[in-house]
There are 4 protein chains.
Amino acid sequence: MSNDLSSFLFSTPEMTRVFSAEEQLRAMMQFEWALSSALESHGLAEVGSKAVVAELLDASFVDVERLMREARDDGNVAISFVKQLASAVKGRDERAERGIHLGATSQDVLDTALVLQMRDGVKLLESAIAMLDAALVKQVLAHRETMMTGRTWLQPGPPTTLGLKLAGVLAALRRHRGRLDVATRRAMVLQFGGAVGTLAVLGDDGGRVSAELARVLGLGESTLPWHAQRDCLVEMVEVLANLTGSLAKLARDVALLMQAETGEASEGGCQNRGGSSTIPNKHNPVACAAVIAAHNRMPGLVVTMLHAMPQEHERGLGLWQAEWETVPEAFRLTAAALGNAIGIVEGLEVDADRMRVNFNALLGVSMAEAVSVALAPKIGRSAAHELLRNATKRATEQKSHLGSVLKGMIEVTGNLSAEEIDRLLDPRAYLGSTQQFIARVLGDSDAGG
Amino acid sequence: MSNDLSSFLFSTPEMTRVFSAEEQLRAMMQFEWALSSALESHGLAEVGSKAVVAELLDASFVDVERLMREARDDGNVAISFVKQLASAVKGRDERAERGIHLGATSQDVLDTALVLQMRDGVKLLESAIAMLDAALVKQVLAHRETMMTGRTWLQPGPPTTLGLKLAGVLAALRRHRGRLDVATRRAMVLQFGGAVGTLAVLGDDGGRVSAELARVLGLGESTLPWHAQRDCLVEMVEVLANLTGSLAKLARDVALLMQAETGEASEGGCQNRGGSSTIPNKHNPVACAAVIAAHNRMPGLVVTMLHAMPQEHERGLGLWQAEWETVPEAFRLTAAALGNAIGIVEGLEVDADRMRVNFNALLGVSMAEAVSVALAPKIGRSAAHELLRNATKRATEQKSHLGSVLKGMIEVTGNLSAEEIDRLLDPRAYLGSTQQFIARVLGDSDAGG
Amino acid sequence: MSNDLSSFLFSTPEMTRVFSAEEQLRAMMQFEWALSSALESHGLAEVGSKAVVAELLDASFVDVERLMREARDDGNVAISFVKQLASAVKGRDERAERGIHLGATSQDVLDTALVLQMRDGVKLLESAIAMLDAALVKQVLAHRETMMTGRTWLQPGPPTTLGLKLAGVLAALRRHRGRLDVATRRAMVLQFGGAVGTLAVLGDDGGRVSAELARVLGLGESTLPWHAQRDCLVEMVEVLANLTGSLAKLARDVALLMQAETGEASEGGCQNRGGSSTIPNKHNPVACAAVIAAHNRMPGLVVTMLHAMPQEHERGLGLWQAEWETVPEAFRLTAAALGNAIGIVEGLEVDADRMRVNFNALLGVSMAEAVSVALAPKIGRSAAHELLRNATKRATEQKSHLGSVLKGMIEVTGNLSAEEIDRLLDPRAYLGSTQQFIARVLGDSDAGG
Amino acid sequence: MSNDLSSFLFSTPEMTRVFSAEEQLRAMMQFEWALSSALESHGLAEVGSKAVVAELLDASFVDVERLMREARDDGNVAISFVKQLASAVKGRDERAERGIHLGATSQDVLDTALVLQMRDGVKLLESAIAMLDAALVKQVLAHRETMMTGRTWLQPGPPTTLGLKLAGVLAALRRHRGRLDVATRRAMVLQFGGAVGTLAVLGDDGGRVSAELARVLGLGESTLPWHAQRDCLVEMVEVLANLTGSLAKLARDVALLMQAETGEASEGGCQNRGGSSTIPNKHNPVACAAVIAAHNRMPGLVVTMLHAMPQEHERGLGLWQAEWETVPEAFRLTAAALGNAIGIVEGLEVDADRMRVNFNALLGVSMAEAVSVALAPKIGRSAAHELLRNATKRATEQKSHLGSVLKGMIEVTGNLSAEEIDRLLDPRAYLGSTQQFIARVLGDSDAGG
């Protein structure tokens with residue numbers, strides 16, 4: 001029985017696996033194996049050490065009960081892990097044991113293992129981002145001309161199109177992809193410094209062993225160990241939180257459009273989604289809720305990471321530990337948010353008729369700006385604004401269309417013909433740069449700001 | 001294999017159990033069973049329903065795989081849970097099934113289950129607080145006169161005693177106990193409102209069923225359902241975060257005293273604690289680190305809770321879900337912090353000699369204030385301050401005791417005899433209200449502000 | 001020219017004044033004057049000192065430029081302040097200068113001044129809370145039977161009343177009032193400990209002077225100085241953030257009801273509120289936005305306070321300073337949020353017709369639960385749920401009322417008469433405990449959980 | 001009288017000016033002027049409009065009292081600002097008024113003004129970063145071989161050098177510079193979309209006017225308006241918070257080294273820095289405290305920004321407003337932190353003798369690792385570790401140097417000569433890759449991970 005009944009909402013099975021205990025131990029073994037390899041290459045471990053360690057790569061030798069018990073005293077799991085590894089190696093080849101963990105400290109293996117897990121995590125995220133990008137492109141293309149009410153302050157305004165609305169999300173997503181890419185490159189570096197970050201145990205060989213170790217693991221080398229300089233991890237979590245923020249914006253918009261009173265779009269999904277334990281007819285925006293919930297938890301993780309930065313001297317006290325569950329949580333939440341966002345966009349059900357109906361129900365009032373601007377050169381900016389304010393008020397009170405009201409106002413008819421008024425009130429003629437903006441986003445794989 | 005190798009640091013086994021999936025399901029069963037009971041009492045469920053449901057109280061009938069699968073579509077685990085419960089009941093007594101979950105909504109069962117789990121969690125915390133209180137009282141008594149350097153801005157000042165330092169923590173702990181008590185009483189209320197918080201399904205019987213349901217569960221009744229009014233949950237997490245903040249202050253102080261260069265106190269614990277994977281001689285403040293790490297993660301949880309407050313209308317979208325893992329996490333982290341704080345205080349090793357040596361190494365300079373105050377009435381406040389600034393500067397530069405320097409200054413010897421100077425520089429005579437403050441804390445079980 | 005063009009949104013003029021530099025300096029003077037008084041009472045300051053200091057209570061002697069300049073070197077403004085005060089006193093009565101600040105440290109004056117300012121701030125908040133309470137009571141009474149769609153997950157559900165919705169806010173508000181009251185009593189304590197919290201300078205007189213000082217200032221006495229135990233300040237900010245969270249929930253609900261497509265209620269206010277620089281007809285929910293904005297900034301302040309707790313030893317390094325602007329900001333934002341919430345509730349414009357129209361537009365589908373529950377005892381819980389799911393689907397697709405659909409379904413008509421169906425679909429008959437809940441809230445001045 | 005007595009700690013005069021009301025109004029005028037220019041270029045404003053507006057660039061025409069009063073109703077200052085601007089223009093040239101603000105919405109002018117202010121703010125930060133970089137380079141070079149105790153978990157370990165410690169900060173600083181550069185380029189884009197981000201008012205001319213407007217202001221163009229896509233602003237605040245985190249790490253380390261019991265380094269600064277109102281001899285780490293305080297407030301700002309992301313539809317409700325004071329605060333705090341960090345590094349006083357004395361006081365115990373590693377190949381890894389554990393325990397208990405203890409242990413002397421032992425215990429020979437790491441950092445202007 002799993003110990004977490006909320007995981008369906010806050011992770012994906014794949015991301016849960018990447019940050020599982022099993023994968024953490026395997027990543028730690030990767031480090032130790034690569035270290036054996038690097039040491040052996042430079043004559044610092046017995047020939048054959050690497051081969052012996054390679055047999056243990058699946059970490060199945062680890063007694064996790066013991067690991068957890070000893071960790072209470074040690075303060076981390078690496079110490080017991082290395083002891084158990086050393087025993088396992090010794091049982092196979094006594095001389096091979098000597099090179100185990102040589103030159104490394106607990107934080108080297110734990111940090112590097114985290115980096116390796118993050119590498120796998122980023123791959124999952126990149127793949128999800130690509131799927132979301134594709135889904136958005138498809139919807140933007142499909143709805144580039146699907147006119148709908150533009151809304152500001154949750155109040156109706158001039159028209160926009162659903163395509164433009166989604167293009168905004170797409171542009172942000174591509175900026176996030178760029179940020180993730182840069183942050184990943186910066187973070188995908190080996191941690192290897194020994195007790196105080198000098199690689200003292202390796203004497204003059206530190207640089208060479210470090211380079212080889214990084215090469216074997218496929219990681220970059222940091223200019224120097226980053227035991228107490230955590231900015232690259234912080235950046236990673238910040239980037240993920242920023243990303244989920246844009247997804248939450250998407251989810252909120254869809255949830256708002258899905259209100260019965262609006263009814264312009266809804267998350268689709270299988271027939272049984274979003275039911276209720278008590279109300280037979282409910283169709284809840286389950287995926288939107290999941291995205292919003294995930295994002296709502298991300299800023300707290302960023303706070304933890306940022307406050308964990310002033311780690312004392314060569315390796316700190318307590319703040320490092322505060323990162324341990326925080327970074328994986330950020331990956332899990334982001335994966336869940338992306339997965340749900342893909343579902344929302346791919347399955348988006350759009351009611352273009354309702355969009356039109358809702359817009360028309362506003363009685364042309366949200367087109368007032370267009371008329372106001374057209375009148376301004378003739379009667380002055382303030383006068384035009386005031387005139388339209390009165391006209392819209394009248395239209396609303398009398399529940400008649402703004403067009404009729406305007407055609408009955410002498411200040412207007414003296415300046416605009418009935419045809420001109422009709423044209424000004426046509427929302428399709430009032431979309432300005434909409435198509436140009438959409439084209440720019442679609443044409444720009446970076447969609448950068 | 002557990003999926004979390006950091007749990008040794010961020011929970012206790014007892015608190016992990018309280019917030020396990022098993023306990024959550026059992027708490028949900030408690031609710032459903034108590035509801036059957038209340039409904040049966042009021043003739044709204046068939047006679048015998050309660051008894052049938054009682055057989056299922058251990059929740060072993062739940063197919064968790066199915067629960068998790070269906071939760072993806074439902075948006076929560078309660079819907080599938082109720083379905084499975086209804087089936088299980090139906091298999092035993094067809095008529096009993098009719099009263100299952102009657103009048104309730106998913107959030108009623110999930111929120112009330114959380115309240116029941118929190119009740120168990122609070123008991124663990126209260127017990128830990130009592131242990132920490134006792135441990136602190138013991139150390140305060142033992143060290144009420146153990147003189148040590150008072151430190152401000154991480155710089156040495158006039159003397160204090162270790163007892164006073166710990167009495168400050170004790171006073172704060174007792175305030176936190178008071179806060180926890182009040183917050184718990186406020187939060188220990190039934191959630192029961194049905195779909196939109198009106199208990200419509202129960203017609204006129206809502207009030208009576210609700211009262212009986214609360215009685216059976218041993219919970220209070222809220223004035224009205226709190227589906228979208230989450231202030232009591234927020235308060236609970238805030239109180240816990242405030243508590244861990246005081247524990248982190250204790251941990252930081254001990255860790256600072258434990259620095260080799262200071263060496264005045266250290267966390268004790270078993271012989272093997274705080275070792276290093278590479279440095280044979282290390283004795284790390286493992287428990288201090290654990291407390292600091294736990295507290296560093298709490299503010300992020302408070303952020304999540306506070307930002308989750310504006311839940312829309314009768315029951316919100318996404319923000320409720322954001323609480324699900326956040327409240328349990330707060331309890332786990334607090335339990336871990338308390339457990340480690342108890343370890344720190346109970347095992348505290350104090351080096352009173354070193355405290356004295358460190359104080360004396362300051363050459364009396366940290367007693368300058370005493371002399372300055374004594375001189376002020378004679379030569380004026382500013383002149384006295386300036387005189388002492390010079391004297392201490394000289395003492396520091398010449399590495400001679402402030403007493404000697406002062407005795408060689410004519411502006412001083414004209415106003416103070418050598419005996420007076422010695423007496424003024426005696427730290428034991430410069431502890432002011434220390435004992436009175438300690439007595440107040442010890443005598444005041446509330447130790448309130 | 002003010003240096004902050006956003007203050008209209010994030011404070012009230014009264015609260016801005018309470019936390020102005022002028023008031024801070026006056027509060028610092030209060031402390032120093034009360035200290036002179038207490039010292040003089042106990043023969044520790046020259047007779048007449050108090051009278052001399054009293055002449056300086058308006059702090060007009062302070063050279064703020066110099067204060068700020070010297071603060072850069074001193075690390076706080078109290079040192080220069082005391083110097084300038086001492087000079088001013090000396091200029092009037094040389095002997096009176098000797099007792100200035102005697103026994104106190106910078107943090108004593110700054111913390112106590114903050115407490116005094118908070119006392120004024122709390123009074124403003126309490127008064128605003130009382131106004132909001134009264135406004136809510138009035139609206140709850142006016143709309144206790146104003147039926148509207150209940151909404152969960154932003155989707156329509158069974159009916160509720162506007163009175164019940166607002167009663168939920170009222171109940172929360174009263175809990176917050178209770179929290180504020182308790183937190184205030186705990187926080188309204190003197191800070192007075194001298195350099196390291198021992199009151200060493202005062203020898204045996206510390207307790208007596210401290211008691212008199214507290215008495216003069218009308219503050220409580222802490223059991224011991226709280227220079228590095230900040231839990232009471234943290235609690236205060238936590239309580240305020242929790243309060244604004246409930247206000248944001250209110251604001252979000254009103255803003256949602258104010259959507260043109262919903263149109264059930266809106267913030268009122270003067271005619272010119274919520275205009276747009278470009279759209280003539282806009283009526284924006286300006287007060288709702290202000291409340292949401294204010295609350296959105298509060299959790300960040302709580303984070304700062306909580307992370308500032310582990311202040312080292314007797315007085316900490318840097319974390320104390322982090323509180324300085326944070327506590328006032330919390331008061332200002334809360335005052336602004338309360339002020340705007342009062343405006344929202346007092347001016348609330350309710351469109352009860354639209355509420356009914358919106359509910360009816362749902363074609364009875366949101367009443368499905370009532371029918372389902374009525375059928376359950378006859379055909380079983382699951383069968384009834386499934387039957388209604390189909391009926392509501394049909395009603396939605398055919399755009400016909402659920403009543404008509406049900407009356408055409410043989411499985412229904414075999415169990416329910418047409419009259420029964422009509423009665424079950426009557427929303428006014430499906431409000432359950434609504435009136436009872438409202439009565440409870442109105443009758444309970446604590447409205448506690 | 002300024003309204004904030006803490007500004008000396010939380011801003012610099014230059015950054016305060018950049019984000020003053022005056023500069024905000026001037027930046028808003030820049031936007032309106034550039035818009036007039038762009039409109040005039042495309043025949044959308046009367047010839048001469050730009051010239052008229054140019055006369056108003058200093059914003060002195062603004063009645064701030066009125067602005068603030070009207071902002072209460074409008075919800076922002078831009079509406080009143082535009083009205084006042086229009087009047088001022090009209091008073092000079094009636095026709096010029098028509099093009100004022102044409103096509104723009106309040107958020108266009110406010111967001112673009114913020115971008116312009118941020119541009120000035122970034123320049124100040126870049127200049128401060130360059131100064132800090134130079135100061136760090138100088139100290140790294142000066143102290144690349146200044147040996148000191150390496151410290152982990154606040155406990156002593158093998159040696160490092162002060163140069164290496166500072167090189168870690170330098171490497172992080174350069175990564176932050178890179179992040180700031182990228183984030184700035186992304187954020188330095190025009191906001192120009194009109195009411196709902198379509199530039200509808202400008203018909204087909206939107207693209208051209210927008211391009212010209214960006215050109216005149218020296219900003220980039222966004223692919224589309226970012227009214228409700230705030231990721232670039234969020235990124236900016238995240239980057240600043242990450243930066244201050246690294247500065248806080250530096251400040252914490254220096255403050256710890258400055259403890260009297262350690263005394264290895266201290267912030268310098270002028271003679272009068274860090275005094276106390278009561279203790280004559282205190283030298284407080286004022287700049288360290290300032291950096292720590294500033295950083296402690298940054299994560300809360302990031303929280304606000306991240307939670308403000310889900311801004312509804314085309315322009316949101318309340319969350320945008322939450323950014324207004326948050327972004328400037330982030331710049332001010334960062335400027336203050338950088339300024340104080342420069343002071344710390346430039347004025348750093350290093351006591352290399354004390355570093356050596358402190359290291360030697362550890363009796364060679366912190367060199368145990370070196371001996372353990374040397375023995376491992378001979379007696380096995382675990383045996384060596386155990387042997388050294390015993391030896392260091394004995395050294396500590398007997399207060400004799402580890403060298404003497406080892407030379408008296410037969411298990412050691414059988415494997416290592418006295419000379420070998422001495423060499424192994426020589427800290428200068430145990431610095432591993434220290435110089436190589438330093439060289440890498442100094443040689444790499446990016447110092448990237």
For a 4.5 angstrom cut-off between non-hydrogen side-chain atoms, does C/N296 reach B/H307?
yes
With chain B as the partner, which of C/I438, C/L190, C/L250, C/D253 has the greatest number of non-hydrogen pairs under 4.5 Å?
C/D253
Between C/E235, C/Q311, C/R252, the one whose heavy-atom pairs under 4.5 Å with chain B are most numerous
C/E235
Using non-hydrogen atoms and a 4.5 Å limit, figure out which bit of C/D204 sits close to chain B: side chain, backbone, both or neither.
neither
By a 4.5 Å heavy-atom criterion (distance strictly below it), what part of C/A308 contacts chain B: side chain, backbone, both, or neither?
neither
Which is it for C/E312 and B/R151 under the salt bridge (Lys or Arg N to Asp or Glu O under 4.0 Å) test, yes or no, and what are the steps along the way?
CA-CA 8 Å; C/E312 298 91 349; B/R151 293 176 174 96; over 6 Å; no
Side-chain donor/acceptor of C/K249 to backbone N/O of B/M309, under 3.5 Å
no
Smallest separation among heavy atoms of B/L224 and C/A171, with atom names
CD2-CB, 3.7 Å
Taking the side chain as every heavy atom from C-beta outward, state whether C/V82 and B/R381 have any atom pair closer than 4.5 Å.
yes
Taking every non-hydrogen pair under 4.5 Å, which of B/P225, B/G99, B/S87 racks up the most with chain C?
B/P225
Checking C/Q191 against chain B: side chain, backbone, both or neither under 4.5 Å from a heavy atom?
neither
With a 4.5 Å cut-off on heavy-atom pairs, point out which of B/P377, B/G193, B/A376, B/A439 contacts chain C the most.
B/P377
Would a distance-only check, ignoring hydrogens and angles, find a side-chain to backbone donor-acceptor pair under 3.5 Å from B/R230 to C/S246?
no
Is any side-chain heavy atom of B/Q436 closer than 4.5 Å to one of C/S210?
no
C/G207 and B/S433: which non-hydrogen atoms are nearest, and at how many Å?
N-OG, 3.6 Å
Looking at every heavy atom in both B/H295 and C/P310, which two are closest together, and how far apart are they?
CD2-CG, 4.1 Å
Smallest separation among heavy atoms of C/H313 and B/L256, with atom names
NE2-CB, 3.6 Å
Under 3.5 Å, is there a donor-acceptor pair between the side chain of B/H176 and the main chain of C/D231?
no
Looking at C/L317, C/L102, C/L306, which makes the most heavy-atom pairs under 4.5 Å with chain B?
C/L306
Given 3.5 Å as the limit, does a donor-acceptor pair link the side chain of C/K83 with the main chain of B/S382, or not?
no
Does any non-hydrogen side-chain atom of C/Q107 lie less than 4.5 Å from one of B/T152?
no
For the residue pair C/F437 and B/G197, what are the closest heavy atoms and their distance?
CE1-O, 3.4 Å
Considering only heavy atoms, which portion of C/L202 lies under 4.5 Å from any heavy atom of chain B: side chain, backbone, both, or neither?
neither
Residue among B/E238, B/Q435, B/R98, B/E97 with most heavy-atom pairs under 4.5 Å to chain C:
B/E238
Please look at C/V169 and chain B and tell me whether the side chain, the backbone, both or neither of the residue comes under 4.5 angstrom of a heavy atom of that chain.
both
pair C/R175-B/Q229: side-chain heavy atoms closer than 4.5 Å:
yes
Of the non-hydrogen atoms in C/V196 and B/P159, which two are nearest, and what is the gap between them?
CG2-O, 3.6 Å
Take B/V303 and C/V302 through the test side chain to side chain contact (heavy atoms under 4.5 Å, CB included) and record every step on the way to the result.
CA-CA 8 Å; B/V303 161; C/V302 175; over 6 Å; no
Under a 4.5 Å heavy-atom cut-off, does chain B meet the side chain of C/A429, its backbone, both or neither?
neither
Under 4.5 Å between any side-chain heavy atoms of B/V201 and C/Y430, yes or no?
yes
Could you check B/R440 against C/E221 for salt bridge (Lys or Arg N to Asp or Glu O under 4.0 Å), going step by step and ending with a plain yes or no?
CA-CA 11 Å; B/R440 271 204 226 166; C/E221 270 196 281; 3.4 Å; yes
So which of C/A228, C/G318, C/G380 has the largest heavy-atom pair count under 4.5 angstrom toward chain B?
C/A228
